[in-house]
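Below is one structure; the comments refer to it alone.
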Amino acid sequence: MNIHEYQAKDILKRYGVPIPEERHVTKATMAEKAAEEIRAVTGTNKWVVKAQIHAGGRGKGGGVKLASSLMEVTEFANDIIGMTLVTPQTGPVGKLVRSVLVGQNVYYPGDSAVQEFYMSLLLDRVSGRYVLVYSPQGGMDIEAVAENTPEDIFKEIIHPLGLQPFQARKIAFNLGLEGKAFQNMVRFVDSLAKAFLSMDASLLEINPVVKTSDDLILAVDAKVSLDENALFRHFEYNDLRDKDEEDPTEVEASEYNLNFVKLDGNVGCMVNGAGLAMATMDIIKLAGGNPANFLDVGGGANARTVEAGFRIILKDPHVKAILINIFGGIVRCDRVAQGVVDAYKAIGNIRVPVIVRLQGTNAEEGKALIDKSGLKVHSAITLKEASDLVKSVV
Ligand code: GDP
Ligand code: MN
């Protein structure tokens with residue numbers, strides 16, 4: 001589950017990660033008061049106004065602005081709230097910005113005493129451990145750094161007992177720091193690693209980590225994905241989900257406990273079991289189609305889940321055919337077939353051909369149910385038959 005920058009920073013602060021003074025603002029009229037509060041605490045006369053959306057690259061898209069007066073803070077908040085922000089990560093449609101973060105601008109671009117670093121923590125699947133990836137070339141496109149100067153990207157595999165002091169020192173050293181900045185970085189990295197492990201994040205990215213001209217080390221940006229499988233032990237994160245930022249069909253699917261991922265092809269598919277769903281997408285490809293989605297209806301597929309699956313798939317105007325691929329292991333094929341027939345009748349005018357492939361327990365009975373239903377549903381028993389049918393309709 002992705003969360004907003006302001007939410008991520010709130011959590012990080014609790015673990016002692018230094019964050020600039022900031023306020024989250026949902027209306028432009030609240031921005032001036034937020035900026036005044038920040039000035040009262042820090043004495044600053046420079047602010048930053050940042051769009052809060054679940055996507056990076058906001059700087060490049062005009063979603064991050066530096067303000068040097070209260071008037072400008074309000075002006076920028078006004079510009080950004082309500083805008084559709086297009087960044088390299090949002091796709092061409094962009095995302096509607098519903099709120100901004102007003103913060104203390106802790107550094108001035110071009111100040112030679114200021115440095116921007118890159119830092120992220122994630123799982124390294126090769127070593128089966130967490131890894132801290134970091135670079136002295138932060139702020140900008142880390143992808144470009146990886147491409148052009150890969151030697152500037154360092155990795156520290158985190159010790160199973162947590163990041164060790166010698167590891168934190170090594171990181172500060174590799175970032176070229178000395179004196180007070182070195183010590184502050186050691187502390188920063190230590191609290192960041194503790195936060196990452198305690199909050200059960202699957203990804204924590206800070207770009208940039210900033211060294212200010214007075215040698216403070218601060219997290220100026222924060223992108224966090226929380227591990228959904230661990231949310232049950234973090235009731236404090238219950239309110240962090242922002243459904244406005246998620247694909248509406250994926251939100252609807254999750255309400256029916258369907259594992260749905262929207263894709264951009266033309267063959268909708270409904271399958272029981274994630275492995276079979278992956279294989280089904282391969283078959284659609286081989287038959288010359290492109291899957292419009294991944295949908296695992298789970299082991300206990302019934303009329304209700306099949307109907308919800310149909311409705312969700314049919315919302316996509318690109319869908320030209322639907323392939324239902326069910327293996328009757330836990331579930332009986334005739335039960336699913338009855339579910340398909342009932343759902344088909346309940347929905348009414350399904351405008352695309354539906355191909356049903358049933359295999360396993362009571363497959364023949366299931367096929368018979370579909371064949372005699374009188375509906376425009378093709379039934380197939382073998383995968384070959386199913387893929388031939390897909391080929392004939394796409
Ligand atoms: P992203 O583009 O979505 O990753 O958003 P960031 O929070 O990283 O902001 C984009 C860029 O704006 C950063 O790389 C910084 O260079 C700049 N930026 C962000 N916050 C501040 C700030 O407080 N002061 C200054 N001077 N620049 C900032
Ligand atoms: Mn960033």
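Atoms within each ligand, like the ligands themselves, are counted from 1 in listed order.
Under a 4.0 angstrom heavy-atom cut-off, Gly57 registers as being in contact with ligand 1.
Compare Gly56, Pro208, Gly61, Ala219 by their heavy atoms: the one nearest to atom 13 (C) of ligand 1 is in Pro208. Distances from atom 3 (O) of ligand 1 to the heavy atoms of Gln104, Arg58, Lys46, Lys50 put Arg58 nearest. Across the listed options Tyr107, Tyr118, Trp47, Tyr107 owns the non-hydrogen atom lying nearest to atom 15 (C) of ligand 1.
For ligand 1, one of its N or O atoms has an N or O atom of Asp221 under 3.5 Å away. Residue-to-ligand polar distances keep Glu5 apart from ligand 1: every N/O pair is separated by 3.5 Å or more.
Each of the following atoms of ligand 1 lies closer than 4.0 Å to a heavy atom of Val64: 9 (O), 12 (O), 19 (C). Set against the non-hydrogen atoms of Lys223, the atoms of ligand 1 under 4.0 Å away are 3 (O), 4 (O).
With 3.5 Å as the limit, one finds a donor-acceptor pair spanning the side chains of Asp371 and Ser379. Remark: the Asp242 side chain and the His4 side chain contain an N/O donor-acceptor pair separated by less than 3.5 Å. Counted by atom type alone, Gln104 and Glu22 present zero donor-acceptor pairs between their side chains at under 3.5 Å. Side chains of Gln7 and Tyr237: a donor-acceptor N/O pair is absent below 3.5 angstrom, by distance only.
Salt bridge status for Glu75 with Lys65: absent, with no side-chain N to carboxylate O gap under 4.0 Å.
For the Mn ion (ligand 2), the set of nearby N, O or S atoms under 2.8 Å includes one belonging to Asp221.
Annotation: atom 20 (N) of ligand 1 to nearest protein heavy atom, Val220 CG1, 3.4 Å.
Tyr134 and Tyr118 have their aromatic ring centers separated by at least 6.0 angstrom.
Within a 4.0 Å radius of atom 11 (C) of ligand 1, the protein contributes no non-hydrogen atoms.
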